[in-house]
Each structure stands twice: as structure tokens, then as C-alpha cells.
Amino acid sequence: MAFAGATICITGALSQTRSTIEKGIKALGGDTSSSVTAKTTHLVANEAEYQSKTAKVNQAEGRGLPIVSEDWLTACKAKGKLVPWGTYLLAGGGGGSKGAAQTADSPVKMSKAAAKAIATAAKAIRNAGASAPAPAPA
């Protein structure tokens, strides 16, 4: 089932009606939501919707969800499984850790604050190791 494990929210005008797309997702094992919720794993939008920063786009970005084009749905359907979403991200949108299709080869984007927190933690670990007493000889 191409969309097993995914809960997909759709926003904006796509090539087919929302109900047709949602039926297709459900027929292939996925779930849909009419709004971005804690269960949502992906937001499918068009470029104009992404650029307009609609409420759904802002919510998805706030949750670190991948915001992908309709082409991602087509690729998943063609492969019969969730495919990495990296090449389908809209204008670099989203791409956090929650997306069900994320794999080792999917790019992970994070906020500057998260990157700074990781760098600070790594520095603290390095400093703690440098100041630790040397182990006693065996």
C-alpha cells in the first residue's frame, strides 16, 4: 500500500478535486486530514499556496512537516510505497523529522535555533571529555 503510515493534508488547488485525491490516498492505505494535526505527516500544496504562507502552510512549517508538491503523490503511487520527499519539497519548505517517507537519503532541514542547540550540546560534550581525568593505567 503506497501510503501506509502516512496522514496527508491537502491544501490549495491541485490537478484533481480534493475528494478524488483523498479517495486515492485512502485506497492505497493512507489517511487524510482536513487540517494540519499532530497525526499529519505530510502537507501537499501547490507553489502559490506555499508562497502565500496560508494557515496550513504555517502550521506544517511549525511542526516541521514536509510540504510537498502533488508530484510526490504521483511518485508514491507509481512506486507503490512512500518515496523520499526531498526532491518534492516546495521552495525548501518543511522537511522536519516527522514525515513518514523520510529516509536516510532524504534531506532534513532544521531551524537555526535547533542547529545552534545541537552545536552547543556537541561543544559541551567535547569540553566535558577534555576535562575528564585520564583513565588509570591497567
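Taking the side-chain hydrogen bond (donor to acceptor under 3.5 Å, both in side chains) definition, one finds that K81 meets it with nothing, sequence neighbours left out. Taking S34 as the reference, nothing meets the side-chain hydrogen bond (donor to acceptor under 3.5 Å, both in side chains) condition, with sequence neighbours excluded.
The two atoms that bring A6 and L82 nearest to each other are CB-CD2, 4.1 Å, heavy atoms only. Pairing each heavy atom of T41 with each of P66, the nearest pair is O-CD, 3.3 Å. For the residue pair K53 and E61, the shortest heavy atom distance occurs at NZ-OE2, 2.9 Å. Of all the heavy atoms in S35 and C9, the pair that sits closest is C-SG, 3.7 Å.
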Let me have the donor-acceptor pairs involving side chains of residues 19-26, under 3.5 Å, with sequence neighbours excluded, atom names and distances please.
{"from": "S19", "atom 1": "OG", "to": "T17", "atom 2": "OG1", "distance (Å)": "3.4"}
{"from": "T20", "atom 1": "OG1", "to": "T17", "atom 2": "OG1", "distance (Å)": "2.7"}

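Distance check, rounded to the nearest 0.5 Å: CD1 of I8 to CG of L73 gives 5.5 Å. From H42, atom NE2 reaches atom SG of C76 across 7.0 Å, with rounding to the nearest 0.5 Å. Here the CG atom belonging to N58 is positioned 9.5 Å from the OH atom belonging to Y50, to the nearest 0.5 angstrom.
L43 pairs in a side chain to side chain contact (heavy atoms under 4.5 Å, CB included) with only one of the listed residues (I10, V68, T11), which is T11.
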Assess whether side chain to side chain contact (heavy atoms under 4.5 Å, CB included) is satisfied between F3 and T32, documenting all intermediate values.
CA-CA 10 Å; F3 297 109; T32 61; over 6 Å; no

Please evaluate residues T40 and S33 with respect to the criterion side-chain hydrogen bond (donor to acceptor under 3.5 Å, both in side chains), reporting the C-alpha separation (whole Å), side-chain torsions for both, the decisive distance (0.1 Å), and the verdict.
CA-CA 7 Å; T40 305; S33 61; 3.2 Å; yes

Apply the test side chain to side chain contact (heavy atoms under 4.5 Å, CB included) to residues R63 and V36: give CA-CA distance (whole Å), side-chain angles for both, the deciding distance (0.1 Å), then the verdict.
CA-CA 9 Å; R63 292 180 181 273; V36 176; 3.7 Å; yes

Residues Y88, V83; criterion side chain to side chain contact (heavy atoms under 4.5 Å, CB included); working and verdict
CA-CA 10 Å; Y88 303 98; V83 300; 4.2 Å; yes

From CA spacing to verdict: side chain to side chain contact (heavy atoms under 4.5 Å, CB included), E70, S15
CA-CA 8 Å; E70 185 178 4; S15 68; 2.5 Å; yes

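In this structure, the side chains of L89 and I67 stay at 4.5 Å or more apart for every pair of heavy atoms.
Remark: side-chain polar atoms of N46 are paired, donor with acceptor, to backbone N or O of A13 under 3.5 angstrom.
Under the 4.0 Å criterion applied to side-chain N and carboxylate O atoms, K56 and E49 are not assigned as salt-bridge partners.
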